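Some notes on the structure that comes next.
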Amino acid sequence: MSSKVIAIANQKGGVGKTTTTMNLGYALAEQGKKVLLIDFDPQSNLAMCMGVDRPEELDTTIYHLMMGVIEEKELPSKEDYIISNGKLDFIPCSIELSAVEVNLVNAMSRELTLKSIIQEVKESYDYIIIDCMPSLGMLTINALVACDTVLITATPQYLSAKGLELLLKTIIKVKRRINPNIEIDGILITMFTQRTILSKEIVKLIDEAYGKQIRVFNSKIPASVKVGESNLRNKSIIEYKRKNKVAQAYIDFGREYISYE
Ligand SMILES: Nc1ncnc2c1ncn2[C@@H]1O[C@H](COP(=O)(O)OP(=O)(O)OP(=O)(O)O)[C@@H](O)[C@H]1O
Ligand SMILES: [Mg+2]
């Protein structure tokens with residue numbers, strides 16, 4: 001199986017990374033793709049959205065796997081750490097992952113730790129989507145090294161060239177030094193309201209800053225309170241309220257995403 005690893009990243013908090021991980025994952029799974037989500041944020045928002053209320057009580061999370069690699073132990077069998085939630089498989093995270101950042105500093109091949117975990121499971125999936133934390137520290141670097149492509153989510157308010165510039169610089173650094181094949185899928189605008197800023201203006205803003213090098217997806221994700229409700233019910237918005245405009249937007253985005261491949 002030729003699988004693709006996507007890192008959903010932006011060091012800015014609250015721009016729809018976790019929501020997009022879950023809903024793009026669901027949209028792709030609905031198209032018959034085999035999808036694994038990886039919660040790679042110590043806040044464990046994805047684990048909670050997927051119905052794990054107390055991730056710190058789990059025996060095996062991405063934290064344990066990362067520590068296992070650092071300590072050069074053999075990884076447990078997949079059934080011990082991959083959780084299935086209907087259409088989607090996922091690996092949860094717990095707050096302890098924040099401690100790994102310190103351990104990584106002295107680890108050999110520290111940037112490659114997550115990649116070696118993904119290597120073990122890659123063959124079984126069409127898509128592996130990593131939900132990154134809102135920072136550009138060593139954990140996010142691990143995700144950028146492990147991925148084939150980066151999907152950037154941004155709200156219209158946080159499209160400021162400054163914020164994106166830092167992220168793009170980091171991606172370029174990773175590309176030069178350690179993951180030459182990394183590519184940027186593009187920018188997905190989330191929590192879009194017509195009042196804030198128009199699509200055309202967003203594209204113009206980004207084209208002006210980056211000279212048309214970066215795709216802005218046609219699909220834009222509108223804002224809706226139903227997203228919070230679906231999270232509380234541990235469901236993707238597509239499963240929870242299929243007719244909702246956000247659900248439809250993520251279904252469209254899934255199709256658009258695949259069409260560029
Ligand atoms: N389309 C949307 N409409 C309304 N609310 C949304 C939408 N997308 C996400 N939200 C809400 O906005 C908040 C932030 O979204 P999300 O957790 O996906 O962002 P994030 O980038 O993963 O945040 P963090 O950086 O903290 O991990 C959440 O409460 C989420 O439920
Ligand atoms: Mg998140």
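Just so we're clear, the structure is a prediction, and the values are computed from it rather than from any experiment. Whatever order the structure lists ligands and atoms in, that order sets their numbers, starting from 1.
The Asp41 neighbourhood of ligand 1 comprises atoms 27 (O), with distances under 4.0 Å to a heavy atom of that residue. For ligand 1, the atoms sitting less than 4.0 Å from at least one non-hydrogen atom of Gly13 are 25 (O), numbered in the order shown with element in parentheses. Residue Pro134 has at least one heavy-atom neighbour below 4.0 Å for each of these atoms of ligand 1: 25 (O).
Of all protein heavy atoms, the one lying nearest to atom 17 (O) of ligand 1 is Thr18 CB, 3.9 Å. The closest protein non-hydrogen atom to atom 31 (O) of ligand 1 is Asn231 ND2, 3.2 Å. Of the protein's non-hydrogen atoms, the one nearest atom 25 (O) of ligand 1 is Lys17 NZ, 2.8 Å. Nearest non-hydrogen protein atom to atom 14 (C) of ligand 1 is Gly14 CA, 3.8 Å. The protein non-hydrogen atom at the shortest distance from atom 9 (C) of ligand 1 is Thr19 OG1, 3.3 Å. Looking only at protein heavy atoms, the nearest one to atom 1 (N) of ligand 1 is Pro222 O, 2.7 Å. Nearest protein neighbour of atom 13 (C) of ligand 1, counting heavy atoms only, is Met191 CE, 4.6 Å. Summary of contacts: the protein heavy atom closest to atom 4 (C) of ligand 1 is Ser224 O, 3.0 Å.
Under a 4.0 Å N-O distance rule, the pair Asp252/Arg255 qualifies as a salt bridge. In this structure, Glu30 pairs ionically with Arg242, as a charged nitrogen and a carboxylate oxygen lie closer than 4.0 Å. By the 4.0 Å N-to-carboxylate-O rule, Glu261 lies close enough to Lys4 to be salt-bridged with it. Ionic pairing of Lys204 and Glu201 is not present here: no N-O contact between side-chain nitrogen and carboxylate oxygen is shorter than 4.0 angstrom.
Annotation: side chain of Leu164 is in contact with side chain of Tyr210 (closest heavy-atom distance under 4.5 Å). In this structure, the side chains of Asp131 and Met22 stay at 4.5 Å or more apart for every pair of heavy atoms. No side-chain heavy atom of Lys87 sits under 4.5 Å from any side-chain heavy atom of Ser236. Taking 4.5 Å as the limit, some side-chain heavy atom of Tyr81 sits within range of a side-chain heavy atom of Val121. At least one side-chain heavy atom of Lys34 sits under 4.5 Å from a side-chain heavy atom of Asp89. Counting heavy atoms from C-beta outward, Leu144 and Ile178 have side chains that stay 4.5 Å or more apart.
Considering backbone and side-chain N/O of Val15, one or more are found under 3.5 Å from N/O of ligand 1. Checked against a 3.5 angstrom limit, the closest N/O atoms of Val227 and ligand 1 fall outside it.
Within the 4.0 Å heavy-atom criterion, neither part of Asn10 lies near ligand 1. Here Ile221 has side-chain heavy atoms under 4.0 Å from ligand 1, and that is the only part of it that gets that close. Contacts between Gln43 and ligand 1 below 4.0 angstrom, taking non-hydrogen atoms only, involve the side chain exclusively.
Atom CD of Gln119 has more than 12 neighbouring heavy atoms from other residues, nucleotides or ligands inside a 6.0 Å radius.
Shown here are the protein N/O/S atoms lying under 2.8 Å from the Mg ion (ligand 2), water excluded: Thr18 OG1.
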Quiz prompt | Ile187 and Ile206: CA distance, side-chain angles, deciding distance, side-chain contact (heavy atoms from CB on, under 4.5 Å) verdict | solution = CA-CA 9 Å; Ile187 300 174; Ile206 293 173; 3.5 Å; yes
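For atom 29 (O) of ligand 1, the nearest protein heavy atom lies 4.0 Å away or farther.
Annotation: cation-pi pair Lys12/Tyr158 present, NZ/CZ under 6.0 Å from the ring centroid and within 45° of its normal.
Side-chain N or O atoms of Lys175 include one that pairs as donor or acceptor with a backbone N or O of Ile182 at under 3.5 Å.
The closest approach between any non-hydrogen atom of Thr190 and ligand 1 is not below 4.0 Å.
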